[in-house]
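Presented below is the structure to which this report refers.
A, B, ... follow the sequence lines: proteins, then strands. Residue 1 opens every chain. It should be emphasised that the depicted structure is a prediction, and the values quoted were computed from it without experimental measurement.
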Amino acid sequence: MSDRYNHKVAEPKWQKKWRDANIFKVEKKDNKKKYYVLEMFPYPSGKIHMGHVRNYTLGDVVARYKKMMGFNVFHPMGWDAFGLPAENAAMTEKKNPADWTYTNISYMRNQLKSMGFSIDWDRELATCHPGYYKHEQLFFLEMYKNGLAYKKMSEVNWDPVDKTVLANEQVIDGRGWRSGALVEKKNLSQWFLKTSNYSEELLDDLSSLDMWPNKVKVMQSNWIGKSEGAEIVFSLVKNDFLDDKHLTVYTTRPDTIFGATFIAISANHDFAKKILKKDNNAKKFNKEIKVIDSEKTKVGYNTNIFIKHPFLDKKIPLFIANFVLMDYGLGAIFGCPAHDQRDLDFALKYNLEVIQVVEPIKSKQHSNGIKNTAILESGLMINSGFLDGMDNEKAKKEVVKRLEKEGIGNKKINYKLRDWGISRQRYWGCPIPILYREDGSVIPVEEKELPVLLPVLSQNNPSPTKEEVDEWKNTSCPITGMKAIRETDTFDTFFESSWYFLRYCNPRLNNKPFLKEDVNYWLPVDQYIGGIEHAILHLLYSRFFTKALRDLKFVDINEPFRGLFTQGMVTHKTFKDKMGNWVEPNKIVESKGNYFDNNNEQVLVGKIEKMSKSKKNVVNPSSIIENYGADTARWFMLSDSPPERDLEWTDVGVASSYKFINKIWETCIRAKNYKASDDLLKTNKFNALIQSVSENIEKFHFNKSVANIYEYVNEINKFMDKKTISGDSLKGVVKNLCIIIHPFTPHLSEEIWELLGHKGFCANANWPEFKKNDVVNKVNLPIQVNGKLKGLISSKKNEKEEVVLEKAKKLPSLNRVLKDKIIVKIIYIPGKILNIVIK
RNA sequence: GGGGCGAUGGUGGAAUUGGUAGACACGCUAGGUUUAGGUCCUAGUCUCGCGAGAGGUGAAGGUUCAAGUCCUUUUCGCCCUACCA
């Protein structure tokens, strides 16, 4: 055998050559078409995992392919560097969060480089760098000045033992993840961005994102949660508890107003708070409901206050109820038990009237009244005064008309999407650039004072002392000189990831976040790739941010990401020993379908699950790169499983990828030494395969491109075996092979490029041109009888029916069937099928 | 409860969008080369049948010359979301 391909030598060699030649460095070129490939940037947790490898491999295939297609490809990388794990490391390992983060970044950068990704490393950024976050402090100030940022009271999770605020994901079953203490709700004054201003546009523009997965659009649409209904103003009957005269509720079912038999408000509603002060029973109730799970038990408190029905001379009771949410609508509803299950459950419990007002057209419960199940179908109005007989959809409009006429209500569109709370009571985040003056004024930090840097922590004492913090916190107002203290909260880290894709345009620019003309050239991102877990928050915040920055005149685009692809997870078998402990896969030996650990004890095979430290089913990318090479890892990532589905990592799969990498090399060595003059390369199978590889890359069907490449290589070997291709023809075929494998296995490709004696880099080569749809003129035409396959005949693509039929009749299998039968009909689609219908 | 996705050999998955079901790969079986082994090569591998042939894409119907693909009903599985008035 010839020299084996040695990835340990070849991979670092080409990585160095690419870097030395700076071939992935890009600049704006107005005469060249751009293509922006972006993968979601990683959090620098310590080392890369297989999810990263998959993510960045997918992106790199696209980036390298588009480059070879002649695009000016923008493919940057950075670090989502603020966040909780750094603070945890500070506590557990006594490491300074900044040091910890930068150390991780430099380690992970090397890991990524060893994968051979075609990244323009000159544009690398880290969001924890003041040169990055000073600009988002500016964005915040601009938002504040334009009414897009404001402050209000809001609840946080408070851990009373650790005396700290917890993120939602740090609360497990109502307890702090570290202390195990019951988490309390605490009210703090916090900053919000007015995402709600953009609800309609965020929803509307989803329809323009035709290169997004439908699934993600549906999720965002549900999250925005638009509903059409009405606000109704009810009048209160004079009572001892409330001075207010009116109560407004939101409903999507104004048609059921005549079925309203109670009104309910949330315990957090202003009225409820007022009632509590005067009514001890209400106060007691308010305490009780804090420990009741409202999902399971619906409870209410009858306030003994009554409300006038807007169209009837009728008074209905006001309840405080635990199932009414303050966050949605107005925190107040009218209950129509006949047509809402929750209202019915509530009414049955408190003996409230049930009045049916909609009669479904095909009712199963016709005239039988309502027992335990509310009627949700549409139908005709009954028991409803001026609405009687109307279709209930029409009745909705009629009620709104009447409300508006009488000045006691109006049509109302409502959204579930709420404003984005951005305050985090954390150290390792971007400081919010606000001062609180001693006279109570809120003063935005002046632009020229930016960035507001994080207080510096001493090297050996990552937990800041009170003095250190005070020194940072205490300052003075730049205008009046009065004493002032700094805002100590930091931004939610989604703030950083909402604009990093813009910053890549000018990552070192100091006086501005970016240049508009560069953003106008590079943006929007043509292909964004990442996990489905960011389907809502990150992608929605980024869309909001882009629109807000547009309105603040920073950018001209409406949407940041033109194409989106969401990849599946990387999974692996799990193993457990007799004691029920998880066992790492690299300690497992398989023998005849049984698995054994280091001590030769049999272990149980568990489910295939997402790789995670807790289940110990992770495979370290670095050891794979070391043993098999980056190209093998990349090839395996792209083989078999479609990228949107989960990929099961298996040793045999990796081994077989490794074999194929070597097979390509052997084939090329063989081709180099091949000599023959016969040339029977008349079909253009290779051309068809190149077309297929290309189209499958465009469609993100990389597993199919991989299959095409297998075929391509097998085909070359067949030709060489039979000596039916000339040396000259083979040269062209092998050169094209080298190019089409490049996006998948770039190091191997470069090594072959060099072996074949080509100049420069394969990475800079042009993608082979294929004549579109120039497939073979000869086809194997299927012959059917009554839709069942009877045989194949060789035919030209545009052969006449008579000729085809004549040939077909010579098939013995057909003859047998046709005997003594009458041909009723013949369906012939040239190049596709001949179907003979017989009786 | 609401929404979405999916079900094809022993396995991962193909099927040019209504036109040869199972491409390509893994695994397995048999044989061969070399070897200590892995590697490598050849043949086979949906089911039944010696065969001609017949059946076959979770299940049951339907539309069609023709259905994995379209329609109806149904079973199972996964994911998201959840008192949204």
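rG1(B) is paired with rU81(B) under the criterion used here, namely a Watson-Crick or G-U wobble arrangement in which both key atom distances are under 3.5 Å. For rG6(B), the paired base is rC76(B) (Watson-Crick or G-U wobble, both distances below 3.5 Å).
Nearest nucleotide to the side chain of S656(A), out of rA21(B), rC41(B), rA25(B): rA25(B). Side chain of S641(A), nearest nucleotide from rG19(B), rG13(B), rG3(B): rG13(B). Here rG12(B) is the nucleotide among rG12(B), rC65(B), rU20(B) with the atom lying nearest to any side-chain atom of D640(A). Among the nucleotides rU42(B), rC80(B), rA85(B), the one closest to the side chain of I333(A) is rA85(B). Nearest to the side-chain atoms of N780(A) among the listed nucleotides rA23(B), rU20(B), rC41(B) stands rU20(B). The K832(A) side chain lies nearest to rU17(B) when the options are rU17(B), rG4(B), rA25(B).
Between rC40(B) and rU47(B), the two C1' atoms lie 33 Å apart (nearest whole Å). Remark: the separation of the C1' atoms in rG32(B) and rC26(B) is 22 Å, to the nearest Å.
Of the side-chain N and O atoms in R645(A), one or more sit less than 4.0 angstrom from OP1 or OP2 of rG13(B). Remark: N708(A) is not in phosphate contact with rA23(B), judged by side-chain N or O atoms under 4.0 Å from OP1 or OP2. A close approach under 4.0 Å does occur between a side-chain nitrogen or oxygen of Y328(A) and OP1 or OP2 of rA85(B).
Inspection of the D345(A) and Q341(A) side chains reveals an N or O donor paired with an N or O acceptor under 3.5 Å.
Using a 4.0 Å heavy-atom distance criterion, F323(A) is classed as a base contact. Among the heavy atoms of the strands, none lies under 4.0 Å from V706(A). Among the protein residues, N714(A) comes within range of the sugar-phosphate backbone only, with heavy atoms under 4.0 Å from sugar or phosphate atoms but none that close to a base. Using a 4.0 Å heavy-atom cutoff across all strands shown, N662(A) reaches no nucleic acid atom at all. Using a 4.0 Å heavy-atom distance criterion, K790(A) is classed as a sugar-phosphate-only contact. Looking at heavy-atom distances under 4.0 Å, S692(A) makes no contact with the nucleic acid at all. Looking at heavy-atom distances under 4.0 Å, D340(A) makes no contact with the nucleic acid at all.
The CD1-P distance, from I536(A) to rC79(B), rounds to 16 Å in whole Å. Between N6(A) atom CG and rU39(B) atom P the separation is 20 Å, expressed in whole Å.
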